[in-house]
Amino acid sequence: MTAKRSVVLGCGSYLPQKVLTNAELAARIDTSDEWIVQRTGIRERHIAAEGEFTSHLAVNAARAALEHAGLDAQAIDLIVLATSTPDNTFPASAVAVQNELGIHHGAAFDLQAVCSGFVFALATADNFLRSGAYKRALVIGAETFSRILDWNDRGTCVLFGDGAGAIVLEAQDQPGLPSDRGVLTTHLRSDGRHKAKLFVDGGPSSTQTVGHLRMEGREVFKHAVGMITDVIVDAFNATGTSAEDIDWFIPHQANKRIIDASAHKLHIAPQKVVLTVDQHGNTSAASIPLALSVAVKDGRVKKGDLVLFEAMGGGFTWGSALVRW
């Protein structure tokens, strides 16, 4: 018995050149490096340049992923771009990425699940590939959250940054065992009752403006650990694995305290946790593929490793994915 799996062929990332440190923020607003690091673990973040859009970040990450995979862009027939900060209300920024890569076949679309976006996009592409509808997909997380921040709100503007990450997936026949390479299982959740805890106070239909990010930080923190562990337990149950089997835990990089608490609750050893929040801040849908790219480049993530992704975002949305590299 065989199974169709979405196997990762390569990954890549892109960060804007401009780095904004905590010290620079402290010169603008009432905060300090010590306060930010103690509460979040963040030391710096990257900020997109004027005229540098989400699609530009996404294209650079996609090209890096294609190069790592050893593939020409024409081999791709599906692009799923996770973002909450598209270039335009429409068309989808994924179409701009598709065009810039010179791809004029297949399908490209955006997916919006805020910080959970990459996991949702991965699950979506995986289902398309396993169904046989497409052969190879680019799954991208790209954000320019700096464009929706209230830079006078010290509770939110210190948390977020810009960036993009991407992976290339290919549908392959595998033996149908837990040892298969590729996406083994994905689990997605959402609950709209929590909208007011993390949202943007604008939009085309409601205010005809972009709006700014608003967050009840303590409430988000309170819900995060429980929701995250819920979908991870589902992933373990679906595959007959446990925390001991995980080689690498690559969570959404929002807050070091949330990541540490989640790993502790799940009995995942600290040395298995990939952390980049100190360098990137919270890059929303881009954070997991950015962290993944770092861990692949430095040699931590190797072929055959079992990698666990998880994320939680506004909505609330949350999800997990278990992938064998």
Spatial distance of atom [atom1] ([X]) from atom [atom2] ([Y]) [nearest 0.5 Å]:
| X | Y | atom1 | atom2 | result |
| --- | --- | --- | --- | --- |
| Ile140 | Leu111 | CD1 | CG | 12.0 Å |
| Thr83 | Phe118 | OG1 | CZ | 13.5 Å |
| Ser262 | Ile228 | OG | CD1 | 4.0 Å |

Can you see which heavy atom on Asp126 is nearest to which on Ser6, and at what distance?
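Closest heavy-atom pair between Asp126 and Ser6: OD1-OG, 2.7 Å.
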
Looking at every non-hydrogen atom in both residues, tell me the closest pair between Val200 and Gly211 and how far apart they are.
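Reported closest heavy-atom pair: CG1-C, 3.7 Å.
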
Taking [X] first and then [Y], would you say they form a salt bridge - that is, a charged N and a carboxylate O separated by under 4.0 Å?
| X | Y | answer |
| --- | --- | --- |
| Asp180 | Arg5 | yes |
| Arg189 | Asp234 | yes |
| Lys4 | Asp173 | yes |
| Glu244 | Lys272 | no |
| Arg154 | Asp30 | yes |
| Asp150 | Arg214 | yes |
| Glu170 | Arg136 | yes |

Does [atom1] belonging to [X] count more than 12 external heavy atoms closer than 6.0 Å?
| X | atom1 | answer |
| --- | --- | --- |
| Lys256 | NZ | no |
| Arg130 | CZ | yes |
| Glu50 | CD | no |
| Glu67 | CD | no |
| Gln208 | CD | yes |

Cation over ring face, Arg257 and Phe221, 6.0 Å, 45°
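Yes, Arg257 and Phe221 form such a contact.
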
Hydrophobic cluster membership, [X] vs [Y], 4.5 Å side-chain cutoff:
| X | Y | value |
| --- | --- | --- |
| Val231 | Ile258 | yes |
| Phe145 | Val220 | yes |
| Leu292 | Leu306 | no |
| Ile167 | Phe128 | yes |
| Val139 | Trp318 | no |

Passing option when Phe249 is tested against Val307, Leu275, Val273, Val274 for side chain to side chain contact (heavy atoms under 4.5 Å, CB included)
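Considering Val307, Leu275, Val273, Val274, a side chain to side chain contact (heavy atoms under 4.5 Å, CB included) with Phe249 is found only for Val273.
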
Quick one: sort the Phe316 and His194 rings into parallel, tilted or perpendicular, breaks at 30° and 60°.
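Aromatic pair Phe316/His194 classed parallel.
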
Parallel, tilted or perpendicular: which describes the rings of His264 and His267, with under 30° parallel and over 60° perpendicular?
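Tilted, since the angle between the ring planes falls between 30° and 60°.
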
Sort out for me which residue in Asp162, Thr54, Asp87, Thr283 forms a side-chain hydrogen bond (donor to acceptor under 3.5 Å, both in side chains) with Thr144.
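Option passing the side-chain hydrogen bond (donor to acceptor under 3.5 Å, both in side chains) with Thr144: Thr54.
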
Start with the C-alpha gap between Thr186 and Val119, add the side-chain angles, then the distance that decides, and say whether side chain to side chain contact (heavy atoms under 4.5 Å, CB included) holds.
CA-CA 8 Å; Thr186 59; Val119 174; 5.6 Å; no

